[in-house]
K.L.:
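Below is a structure I'd like to ask you about.
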Amino acid sequence: MEQEMGQLLRRLRSERPLVHNITNTVVTNFTANGLLALGASPVMAYAREEVADMARVSGALVLNLGTLTAELVEACAIAGQAANEAGVPVLLDPVGAGATPYRTESALRLLREVRIDLVRGNAAEIAHLVGEIREIKGVDAGGQAGGAAVDLAMRAAAKLGTVVAVTGREDVITDGTAGYVVTGGDALLERVTGAGCLLTSVMGAFRAVERDRLRAGAAALALYGVAAEAAAAAAGGRGPGSFQIAFLDALAALDEASAAAAANAVRRIAIAPASAGGAR
Amino acid sequence: MEQEMGQLLRRLRSERPLVHNITNTVVTNFTANGLLALGASPVMAYAREEVADMARVSGALVLNLGTLTAELVEACAIAGQAANEAGVPVLLDPVGAGATPYRTESALRLLREVRIDLVRGNAAEIAHLVGEIREIKGVDAGGQAGGAAVDLAMRAAAKLGTVVAVTGREDVITDGTAGYVVTGGDALLERVTGAGCLLTSVMGAFRAVERDRLRAGAAALALYGVAAEAAAAAAGGRGPGSFQIAFLDALAALDEASAAAAANAVRRIAIAPASAGGAR
Amino acid sequence: MEQEMGQLLRRLRSERPLVHNITNTVVTNFTANGLLALGASPVMAYAREEVADMARVSGALVLNLGTLTAELVEACAIAGQAANEAGVPVLLDPVGAGATPYRTESALRLLREVRIDLVRGNAAEIAHLVGEIREIKGVDAGGQAGGAAVDLAMRAAAKLGTVVAVTGREDVITDGTAGYVVTGGDALLERVTGAGCLLTSVMGAFRAVERDRLRAGAAALALYGVAAEAAAAAAGGRGPGSFQIAFLDALAALDEASAAAAANAVRRIAIAPASAGGAR
């Protein structure tokens, strides 16, 4: 896995995939800077007049419902369908699903109208998407213990018929039968707005250079965690502001050593949810 | 006051109140990061389809007209009325009131259609809101000497029938008969866009955990100032960019010692505007 | 030129010109903070109900199509025409021109409907605007060698009938017959989203205090480059996150010594494109 992660990172930096983000107003700047730091090419385009054109020429399309409006959801649908026709992978970040009915319904609408390559959310968002209601507070609701997250991700992947990543203290990515658990990261990520949103876009960047969704996703999750740990070491003691900036620096500084560390943070899981616990 | 400030800070951090912001595109990221750093839970939601649902479950609703549009003002009204029905306090930040008629009229419309718990603005914005015309330049117009600000805040509170905070080199918060003058802070705050907008949202976070509007507001103003001073000490010499990041760090680092310092920055004022000068 | 640059900088800081930005959601915060750091007064206003009022009282109006929508383009046209009537210079940043037909057409529409004082873009954007198609990737497409950029800028200025700035590793500003080549800057600018957008707004701030478009523009370009070099020296080794913050600090720290360095980065070019090469 170490070699593979190093390869994916090099490929991302040489190809500089264009990642088309239709995202929320809170995180646009951080998302663009994070993708640039990593080595990808971000583009934000929202107008119904152009989203199809932009999506078609992108390496990945990321749909994020953090500050959704009727116009934005419509643009997401148009872009998503154009991406589907062009074979461009579409990732969905259902920010705050469950916080209001409108958020849940809009995410489900996109899951119906667009062939989604991967859904990433925290446990509460994913649980709401698949009708397993939990309390949610705002859009930054926290994590969940490892075993439960694996089970949830497996059920969600089966129900939604796509790859699902449930992220938190520990991350899980699965297609419902196999996948990976990824450890690492730093709790300060929860104090930076858009850390989850940027992660989805980073997963889009890796997906743009690697067809295997689980491998691409695991690499993104693990390298993101390694960058967070490096940022925490560099600046975490000063607080979330310094951490946020150090995290951008760390994304740019990811290298072969990071790939080695990232490979160690990944554990393969397989088929029966029950076996997932043993994978840790 | 020191004990009270420490208590409010602890309460905020344990309750992590959800603060629903309908705010401008310039400051969304900084507002969300500032609230997260402080220990609150920010949420941004703008769609008329969901703002009422979100406002109802929030601890406070903050309406900010910095980049208003017809849709945004409509969303503010819908959210504000839902918050009123649910007993959720609504704070108004009339950014750039007076800079254009549309801004002034939209702020006044919200004051008519929504029961506003607190209005925070700089002296020019508040003066425009109550028809005391002054020159305004952009949306970052500066402060005013202490005595005049107290008088202005008192008149505005009486006229608008709510609590008013006039912030600048020195801050005043009053319900028209009593209140507080708060000193401290740092001039670098004026070089960071959204420092005022974030302050209103921070006032919302404190209001969410404390029913007394004047005490909640004074605590927010004073602790904000203490954080600014800490940030200036840590990074101000390097410039406004470093200060901005250090300020987020400082919001996260506010502690009992900060509460003591904050308590010293607050002076109670009472009834007749004329007596306000003596309170300093 | 050194004296002149120092004078312009002092004038900007004493006049604090109001720069009205109608810009994209990715860069609003960075643009506002950059203008504040420099010493200008940023304002963002987008609603058709108020853009004309705001544009009329501004020192410069900057139109940026980075996340254009039909409403935004309409607001740009309204604001631009009001600015024209009031004698307020209008700068256009055709972000991503060529990336989609909608972007190109919207930029061309504004060039037809509004008297544009200056267009700034990278080589690919400018080439697309004048129908010299090149491949463009996302909205951050890179630079071009000096000689070609001079020729392109000269042709574009002639064709568009206004001053054009083509920026990249080396910058060119010209009215089609004379102008300046500006060297300096730092490659890390390409890793910070909105570095180009902020540059256009900074050009607006200098234009607001200086009628000569070429001199104002050259000063802006050169001082921007000097700030980037200072930022790279202060923090570039840590990465693009630290650089971004150091750059805001550096804009605030620009002084007489910076003006001297900036003057050295500027070379005058004249009339025939062929002679431009010799100017370096």
Side-chain angles (χ1 to χ4, degrees), chain B residues 23-33 44 46 65-74 95-106 109 135-142 187-198 235-248, chain C residues 15-59 67 69 71-72 75 82 227 230-231 234-235 241-254:
Chain B
T23 189
N24 70 75
T25 59
V26 186
V27 307
T28 41
N29 186 268
F30 187 63
T31 300
N33 274 330
M44 275 67 177
Y46 303 146
L65 300 179
T67 50
L68 77 178
T69 59
E71 288 75 18
L72 192 103
V73 176
E74 187 63 29
V95 182
T100 66
Y102 185 56
R103 287 185 182 236
T104 316
E105 285 156 21
S106 297
R109 173 186 161 189
E135 196 188 342
I136 190 168
K137 188 175 184 182
V139 295
D140 288 307
L188 274 169
L189 282 174
E190 294 167 21
R191 305 294 287 272
V192 176
T193 197
C197 302
L198 172 55
R238 292 205 297 279
S242 294
F243 172 80
Q244 165 197 359
I245 297 305
F247 185 62
L248 293 175
Chain C
E15 296 186 18
R16 299 186 61 77
L18 184 63
V19 180
H20 178 190
N21 302 275
I22 302 185
T23 189
N24 69 73
T25 59
V26 186
V27 307
T28 41
N29 184 267
F30 187 63
T31 300
N33 274 332
L35 287 170
L36 280 176
L38 180 67
S41 292
V43 68
M44 275 68 177
Y46 303 145
R48 53 182 305 140
E49 288 87 348
E50 71 164 352
V51 287
D53 292 332
M54 196 67 92
R56 270 185 216 109
V57 299
S58 298
T67 50
T69 59
E71 288 75 19
L72 192 102
S242 294
F243 172 80
Q244 165 197 357
I245 297 305
F247 185 62
L248 293 174
D249 290 345
L251 286 172
L254 285 173

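Every chain is numbered from 1 and lettered A, B, ... according to where its sequence line falls, protein lines coming before strand lines.
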K.L.:
At a heavy-atom separation under 4.5 Å, does C:A45 approach chain B through its side chain, its backbone, both, or neither?
P.N.:
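For C:A45, heavy atoms of backbone and side chain both lie under 4.5 Å from chain B.
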
K.L.:
Considering only heavy atoms, which portion of B:E71 lies under 4.5 Å from any heavy atom of chain C: side chain, backbone, both, or neither?
P.N.:
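Contact with chain C involves no heavy atom of B:E71 at all.
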
K.L.:
So which of C:R56, C:Q244, C:E50 has the biggest tally of heavy-atom pairs under 4.5 Å with chain B?
P.N.:
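Max contact count across the listed options: C:E50.
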
K.L.:
Side chain, backbone, both or neither: which part of B:I245 has a heavy atom under 4.5 Å from chain C?
P.N.:
side chain

K.L.:
Could you walk me through whether C:N21 and C:M54 pass the side-chain contact (heavy atoms from CB on, under 4.5 Å) check?
P.N.:
CA-CA 10 Å; C:N21 302 275; C:M54 196 67 92; over 6 Å; no

K.L.:
With sequence neighbours left out, write down each residue that passes salt bridge (charged side-chain N to carboxylate O under 4.0 Å, His left out) with B:R109, or none if nothing qualifies.
P.N.:
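For B:R109 the salt bridge (charged side-chain N to carboxylate O under 4.0 Å, His left out) partners, ignoring immediate neighbours, are B:E74, B:E113.
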
K.L.:
Given side-chain contact (heavy atoms from CB on, under 4.5 Å), test B:F30 with C:N33 step by step and report yes or no.
P.N.:
CA-CA 11 Å; B:F30 187 63; C:N33 274 332; over 6 Å; no

K.L.:
When only pairs under 4.5 Å are counted, which of C:D53, C:D249, C:L251 shares the most heavy-atom pairs with chain B?
P.N.:
C:D249

K.L.:
Given the rule in the side-chain contact (heavy atoms from CB on, under 4.5 Å) test, do C:L72 and C:I22 qualify, once you have shown the distances and angles that lead to the verdict?
P.N.:
CA-CA 8 Å; C:L72 192 102; C:I22 302 185; 3.8 Å; yes

K.L.:
If we define contacts as heavy-atom pairs under 4.5 Å, which of C:T28, C:T31, C:V57, C:L248 has the most with chain B?
P.N.:
C:T28

K.L.:
Which heavy atom of C:A75 sits nearest a heavy atom of C:V51, and at what distance?
P.N.:
O-CG2, 3.6 Å

